[in-house]
Amino acid sequence: MPVIDVAKSDLERLTRLKYEEIAKLFEYIKGEIESDSGERLRIEVTHDRPDHFSAEGLAKTLKGIAEIEVGLPRISLGRSSIRLVAESITERPYIAMAVVRNVRLDEEAIKQMIQLQEKLHETYGRGRRKIAIGFYDVSKIKPPIYYRRISQEDEYIPLGFQKPVKVREMYELTEQGRRYSGLINRENPPALVDASGQIMVVIPVLGSECCKITEATRDVLIDVTGTDHRAVANALSILIYSLLERSGSKEVEIVEGGTGYSHEYVKIYVDERAVSEFLGVKIAHEDFIKYIKKARFDYQEGAVIIPPYRINVLSWVDVAEDVAIVMGYNQMPREVPEIPSAGRRHRTEVITLEVRKSMLSMGFTELNNYVLTDEAVAEVCSPARVANPISELYTTIRCSIITQLISAASALKRRETKIFEVGEVVREGRAVRALAFLISRDGATLTDGLSVVKSLCKRLGLKCEFFPAEAKWALPNRMAEVRGEITGYIAEVNPDVLTALKHAVPTVVAELYIG
């Protein structure tokens, strides 16, 4: 769960509430105060609310629950006089900009801006691979702004530097350069350059001292670039509404050019009776509208109006959840089930425990991997893929545990390894409980795997039979299918697959489906 750092005094100023009142409201927003050092708070927030990654977003929600400000946050939209001229940048084709006017910034406000920027980079932006964000002082920029490629021989003053350096030098001299320059064409990186020729930022690596935000800044230009149009627009919405909490006039100007940004409210039609049934409480129409407005939404003729920064609200179920949050989960009635029943362990869990005991007694070490994994699993089976993965490490739902065990054996760097895992895999659209084990050593053969499976079946009192089988990832004539009261396979792994997974020791694997 993301953890953010905020100042008590700043949160009090933004919410117009005393800290004691704020602390009581945290139960409503699924937030938890992790530590309190006196002046500063470390707050754990939920990953589905990226608008809560700074004090401004928290304040906006808390003011709604406390009924200090209800309904849609106020915003005055206009068209900016700043113009963006964008070239086609293959690795980051999408760009959008907006200006928030009349902000009042101090040291803490700037800290919160940077915190929100970095939290969005690391989570929603997948380490700047998907989106990158920049803030600039409008008074220090000469429009129009050009989104174009520059040369690594060009010079600018990176943030934190006193004198100009070449872009290629910045790659080596800064942590950001070493960490993020691999995401772009290093020789001709994308950048923002204003009409005077000053480089505002090398995207997505590091900004410039020329137009950085200070406490004297009154108008802030925000840019978001990335590989996905929707992600760019969502991030810009969150950033706009965050900065509006620091703006006296609530003025926002959309910069034309590039792939653009459209400020749009989402309309979701909601059946109030369905919400009541879903939550198990009867909600009067007047109370329903009150809760909707406390959640910082609006209501029009059966539809709930959602502001653009609430990117987690996709259906009426999400609206129902917000209603429950502002009502307070502790206010929900509790009922004793009408039919008392005694619980007992499921057969699959009973077998799982016995399998684990047996494998441990045979000298295997147990591992626990995530159900989400990377594309390597496609070497063994056909996985379901995640539509919007947060990391390249978790792009698929595993259909086998085998590749994860091989990767683990590779990481251990031992000449002899015996490991296993019991967990869920998804095969043919259904989740099943699987046991997978690996024996890796010089001279390991199919016979080693068969011996383990036979011993396991005997200990569990299960009938198992073995038949020849073939698979692309297994050595020819070195694979067996298991049939009977449990099913699965045992095989010697093809060296080509081992090499792809960076493992150089002969390996036997098995996967059995036990529930």
Side-chain angles (χ1 to χ4, degrees), residues 47 90-94 121-132 179-185 204 226-232 366-413 417 419-440 469-476 478-479 488-513:
H47 66 275
T90 308
E91 63 265 45
R92 308 187 80 82
Y94 300 101
H121 276 160
E122 292 306 312
T123 55
Y124 196 63
R126 300 181 196 165
R128 304 195 190 184
R129 287 178 176 82
K130 190 173 183 180
I131 61 165
R179 192 171 179 184
Y180 301 116
S181 61
L183 302 178
I184 52 171
N185 179 339
T227 60
D228 180 89
H229 186 268
R230 183 179 177 184
V232 167
E366 185 173 12
L367 302 183
N368 284 294
N369 288 296
Y370 294 116
V371 173
L372 294 181
T373 185
D374 58 23
E375 291 290 334
V377 74
E379 295 277 359
V380 177
C381 52
S382 299
R385 287 174 170 78
V386 179
N388 188 26
I390 62 170
S391 167
E392 291 178 359
L393 298 175
Y394 308 113
T395 57
T396 64
I397 301 170
R398 69 182 182 185
C399 48
S400 171
I401 305 174
I402 295 301
T403 54
Q404 290 174 310
L405 292 184
I406 296 173
S407 295
S410 173
L412 289 171
K413 299 185 184 302
T417 304
I419 53 179
F420 81 98
E421 179 177 351
V422 183
E424 262 62 40
V425 297
V426 176
R427 299 184 71 86
E428 298 178 356
R430 188 172 69 90
V432 296
R433 183 72 54 85
L435 158 69
F437 68 79
L438 171 148
I439 302 170
S440 186
E470 296 289 337
K472 289 182 179 180
W473 57 271
L475 282 174
R478 306 303 295 167
M479 182 176 189
Y489 54 83
I490 315 155
E492 293 179 31
V493 183
N494 191 309
D496 291 340
V497 175
L498 294 176
T499 301
L501 295 169
K502 301 179 180 179
H503 190 47
V505 183
T507 297
V508 177
V509 296
E511 190 158 81
L512 306 175
Y513 307 113

Peer 1: Is it true that a side-chain atom of Glu379 and a backbone atom of Trp473 form a donor plus acceptor pair closer than 3.5 Å?
Peer 2: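 No: the side chain of Glu379 does not pair with the backbone of Trp473.
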
Peer 1: Can you name the side chain to side chain donor-acceptor pair (under 3.5 Å) partners of Thr227, sequence neighbours left out?
Peer 2: none

Peer 1: Name all residues meeting the salt bridge (Lys or Arg N to Asp or Glu O under 4.0 Å) criterion together with Glu511; count only those two or more places apart in sequence or in a different chain, and write none if there are none.
Peer 2: none

Peer 1: Counting C-beta onward and ignoring hydrogens, is there a side-chain heavy-atom pair between Pro389 and Thr395 closer than 4.5 Å?
Peer 2: yes

Peer 1: Any side-chain heavy-atom pair from Leu372 and Ile397 closer than 4.5 angstrom?
Peer 2: yes

Peer 1: Does a side-chain heavy-atom distance below 4.5 Å link Leu405 with Val509?
Peer 2: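 No, every pair of side-chain atoms sits at 4.5 Å or beyond.
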
Peer 1: Check whether any side-chain heavy atom of Cys399 lies under 4.5 Å from a side-chain heavy atom of Val377, and answer yes or no.
Peer 2: yes

Peer 1: Please check this pair: side chain of Thr507 against backbone of Val493, looking for a donor-acceptor N/O pair closer than 3.5 Å.
Peer 2: no

Peer 1: Evaluate the side-chain proximity of Ile131 to Tyr124: yes if any heavy-atom separation is below 4.5 Å, no if none is.
Peer 2: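 Tyr124 vs Ile131: side chains touch.
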
Peer 1: Under the side chain to side chain donor-acceptor pair (under 3.5 Å) rule, collect the residues that match up with Glu492, sequence neighbours excluded.
Peer 2: Arg478

Peer 1: State which residue, out of Thr403, Ile406, Ile401, Val497, fulfils the side-chain contact (heavy atoms from CB on, under 4.5 Å) condition with Val380.
Peer 2: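 When Thr403, Ile406, Ile401, Val497 are each tested with Val380, the side-chain contact (heavy atoms from CB on, under 4.5 Å) holds only for Thr403.
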
Peer 1: Any chance you could measure Leu412, atom CG, to Leu367, atom CG, to the nearest 0.5 Å?
Peer 2: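 Between Leu412 CG and Leu367 CG, I get 7.5 Å after rounding to 0.5 Å.
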
Peer 1: Is any side-chain heavy atom of Pro495 less than 4.5 Å from a side-chain heavy atom of Leu475?
Peer 2: yes

